[in-house]
Visitor: 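Have a look at this one before I ask anything.
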Protein chains: 2
Amino acid sequence: MASITDVAKHAGVSVTTVSKVINNYSDVSEKTRKKVNESIQLLRYEPNVVARGLVKRRSWTIGILLHNIMTNPFVSELMAGMQQSLSKSGYDLLHLTADFNDPEYSVVRHCSSRNVDGMVVFGVGRDNKIPLDLVKAELPTMFVDTDLIGRRAGYITADNRNGILMVVEHLYELGHRKIAFVSGFMGYVAGRTRFEGYQQGLKQFDLPYHSNYVEVCSFDSMGGYNAMQNLLKLPDPPTAVVCAADAIAIGVMNAISDAGLRVPTDISVVGFDNTAFASIVKPGLSTVNQNIFSIGERVVNQLIEMVENPDHSPPIVVEPVELILRESTCAPRSTTQ
Amino acid sequence: MASITDVAKHAGVSVTTVSKVINNYSDVSEKTRKKVNESIQLLRYEPNVVARGLVKRRSWTIGILLHNIMTNPFVSELMAGMQQSLSKSGYDLLHLTADFNDPEYSVVRHCSSRNVDGMVVFGVGRDNKIPLDLVKAELPTMFVDTDLIGRRAGYITADNRNGILMVVEHLYELGHRKIAFVSGFMGYVAGRTRFEGYQQGLKQFDLPYHSNYVEVCSFDSMGGYNAMQNLLKLPDPPTAVVCAADAIAIGVMNAISDAGLRVPTDISVVGFDNTAFASIVKPGLSTVNQNIFSIGERVVNQLIEMVENPDHSPPIVVEPVELILRESTCAPRSTTQ
DNA sequence: TTGTAAGCGTTATCAT
DNA sequence: ATGATAACGCTTACAA
């Protein structure tokens, strides 16, 4: 591959001049500029980003740290959104390979060793050392679904609270008064804020809060299945179940059908996430759609803004969600309690 | 962040000596080595990979090019596998942001600009210019599911043919003789080889090939639905349907149930991919599992081998698959034809 | 408007 | 065993 020196020689000018042409400096005559550009074309020259980065102490690289890639159904959509934003920016995405179990591992050193310009962190809890290090090092960082901020760190999350609120409202309007909530563990913001949405929803419609209408289970279909079995054992079981995730809702629906009841006529069920399952399952699962693609786009836009403008204060971004109605909800059997 | 010069000063030796310590050269006395290592610890020095790359013309970076991230359910699993292998290697994964529609875009220039050491390409057909450029440039490359080879390019793919063969064998042994095949478009190796497996299976068991038992549709549940509707219209419809993808199988099952028939008692259905759908759908879908995680691991191992050893000839790797039996297959209604 | 020279953080070559 | 010095490909004062 041709280097800047090759171009300079070919065009009969100095390396500096070529550099100036590449970087669109104004103090180059039209004539030389043209000559240099021709040489660039001819030699198919492409500036070496690494060398450039060495002097500028940048890399035009956004680092990303992903935890539990496999179990998170959103990575690909998030990445697609990020790509979308990156494509217009000249940045590439550097997937940092970190051994989360190695106590010696330091993201900050890793980043500095590669001149990473900014970081996106997804799926790492705020209890973990990594996010805290990043915040402390004041490396421009955007967290996804982790409510952590710092001088150069912000975060983005879907509007979980409002999503569940919309669900409760929908069920209330259908006539439901006995509304249960099945949550995943609440170690992450997503879990906590969804639960808050449920509580707020009850309050808003003057419904009493019963702790036995709340089940906490693992974030999967098995968890939902067991949780629903518990709810069915209740003397006065709910007529509607709000789930903190589609995966949970799948298990809930199975438990209902295995108990000889039907969704939605006997019990209404709503999920969260609008994963592919939701549209494939029968009956189609009503759920809350998070626009992860958009989150991906925005996280990158914000991060690049932060990187390129040191005065840009790190944002807290809340991405709106939308209620997707399918066939898993209807009015309860008897509206009269 | 401390640089090698800082360490040298702190330890009272030359930069060269520090470099020798870092790179484990033998011509350093134990005494100086110890002294230098202490300074390194103290200053929390981490060698700058970018600067090192500039002189070594490497980057300890594997580039990856992903097409249609969103529609491919395997990206996250593939990436997880890749991470697994990368974690022991010192390489990071550089996600190249490419505008596939830009005719000016050149992967090769992109890679050389970033000193990318090797490339993994996934989801890009062999008709596309990008893989061909890579092969021609003799940049170490591994294609996933694209049967393209070159002096420095190999590929890896699941054993699609054998997977379908196992399916046909399974159905044959259950007593099925009227076995249909619903394929996605055959632009990709995966599609073609699966079809070949079907043909080979029929041949192996002396079953006649009927072209009206073969439906080609889009690679989704809609496509499968339409295809199955066509098959049901046949004067002598199949008793078993082999699908080239789980997504297709979902549609096939829906069409069967909408026609008032039942899976598997009336018609057996088998998918391919063992996506999460397969275990969630009712009845559970028998399918073929591809170990994408392992493919991810192996693709990286091979690539790094190629990068670090110029004489390593590019491999063609075929990853074994396994038949997963659930509830969507059983013996046909009447074994007598 | 153009070019010289120093420097970014390393490694490699070659003296000492 | 140790260290000067040049080089990797680029940007940037500063001089001309």
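Protein chains get the first letters and strands the later ones, always in sequence-line order, with residue 1 at the start of each.
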Visitor: For A/Asn48, report the nucleic acid contact type (base, sugar-phosphate, nothing); a contact means any heavy atom under 4.0 Å.
Guide: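 Sugar-phosphate only.
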Visitor: Rounded to whole Å, please give me the gap between NZ in B/Lys31 and C1' in D/dA1.
Guide: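 These atoms are roughly 11 Å apart.
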Visitor: I want to verify a distance call: between C/dG3, D/dC10, C/dT11, whose nearest atom is closest to the B/Ser19 side chain?
Guide: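 The answer is C/dT11, which lies nearest to the side chain.
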Visitor: Starting from C1' on D/dT2, measure out to NZ on B/Lys34 and report it in whole angstrom.
Guide: 19 Å
Visitor: Using only atom types and a distance under 3.5 Å, with no angle test, would you say the side chain of B/Thr146 pairs donor to acceptor with the backbone of B/Phe143?
Guide: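 No: the side chain of B/Thr146 does not pair with the backbone of B/Phe143.
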Visitor: Given C/dT2, D/dG9, D/dT11, which nucleotide is nearest the side-chain atoms of A/Val15?
Guide: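 Nearest nucleotide to the side chain: D/dT11.
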Visitor: Determine whether a donor-acceptor pair (N or O, by modelled atom type, separation under 3.5 Å) exists between the side chain of B/Ser85 and the backbone of B/Glu297.
Guide: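 Yes; at least one donor-acceptor contact below 3.5 Å.
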Visitor: Using atom CD1 of A/Ile4 as one end and atom P of D/dT12 as the other, report the distance to the nearest whole Å.
Guide: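 Computing the A/Ile4:CD1 to D/dT12:P distance gives 11 Å.
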Visitor: Side-chain N or O of B/Thr5 less than 4.0 angstrom from OP1 or OP2 on C/dG9?
Guide: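 So the side chain of B/Thr5 is outside the cut-off, no N or O lying under 4.0 Å from OP1 or OP2 of C/dG9.
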Visitor: What integer distance in Å separates B/Arg58:CZ from D/dG9:P?
Guide: 16 Å
Visitor: Please determine, for the side chain of A/Val55, which listed nucleotide (C/dT10, C/dT2, C/dG7) has the closest atom?
Guide: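 Among the listed nucleotides, the one closest to the side chain of A/Val55 is C/dG7.
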Visitor: Tell me whether the OP1 or OP2 atom of D/dG9 has a side-chain N or O from B/Arg57 closer than 4.0 Å.
Guide: yes
Visitor: For B/Lys9, does the NZ atom have more than 12 heavy-atom neighbours from other residues, nucleotides or ligands under 6.0 Å away?
Guide: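 No, not enclosed.
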Visitor: If I take atom CH2 in residue A/Trp60 and atom P in nucleotide D/dT11, what distance separates them, rounded to the nearest angstrom?
Guide: 8 Å
Visitor: Give a yes or no on whether the ring-centroid distance for A/Tyr105 and A/His110 is below 6.0 angstrom.
Guide: yes
Visitor: Do the side-chain N or O atoms of A/Tyr25 get closer than 4.0 angstrom to the phosphate oxygens (OP1, OP2) of D/dA13?
Guide: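 No.
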Visitor: Looking only at side-chain N and O atoms, does B/Arg52 come under 4.0 Å of OP1 or OP2 in C/dG9?
Guide: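 It does not, given that no N or O in the side chain of B/Arg52 lies less than 4.0 Å from OP1 or OP2 of C/dG9.
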Visitor: Taking for each residue the nucleotide of DNA chain D bearing the nearest heavy atom, is the 5' side occupied by B/Val13 or by A/Ser3?
Guide: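 Its nearest nucleotide being more 5', the pick is B/Val13.
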Visitor: Write down the atom of A/Ala11, the atom of A/Ser39, and the distance for their closest heavy-atom approach.
Guide: CB-OG, 3.3 Å
Visitor: For B/Ser294 and B/Glu319, test the side chains for any donor-to-acceptor distance below 3.5 angstrom and give the result as yes or no.
Guide: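 Distance-only check passes for B/Ser294 and B/Glu319.
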Visitor: Which part of the nucleic acid does B/Glu46 contact within heavy-atom distance under 4.0 Å: base, sugar-phosphate only, or nothing?
Guide: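 Sugar-phosphate only.
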Visitor: Which comes earlier along DNA chain D counting from the 5' end, the contact point of B/Lys20 or that of B/Leu54, where each point is its nearest nucleotide?
Guide: B/Lys20
Visitor: Taking the side chain of B/Lys56 as heavy atoms from C-beta outward, which of C/dG3, C/dG9, C/dT11 is closest to it?
Guide: C/dT11
Visitor: If I take atom CG in residue B/Asn115 and atom P in nucleotide D/dC8, what distance separates them, rounded to the nearest angstrom?
Guide: 13 Å
Visitor: Examine the base of D/dT12 for any acceptor or donor lying under 3.5 Å from a partner atom in the side chain of A/Thr16, and report the outcome as yes or no.
Guide: yes
Visitor: Rounded to whole Å, how long is the line connecting atom CG of A/Asn23 with atom P of C/dT2?
Guide: 16 Å
Visitor: Side-chain N or O of B/Ser14 versus OP1/OP2 of D/dT2: is the shortest distance under 4.0 Å?
Guide: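 For D/dT2, OP1/OP2 do not have a side-chain N/O of B/Ser14 under 4.0 Å.
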Visitor: Roughly how many Å is it from NZ in A/Lys9 to C1' in D/dG9, rounded to a whole number?
Guide: 13 Å
Visitor: Can you identify which nucleotide, out of D/dT2, C/dG3, C/dT11, has its nearest atom closest to the B/Thr17 side chain?
Guide: D/dT2
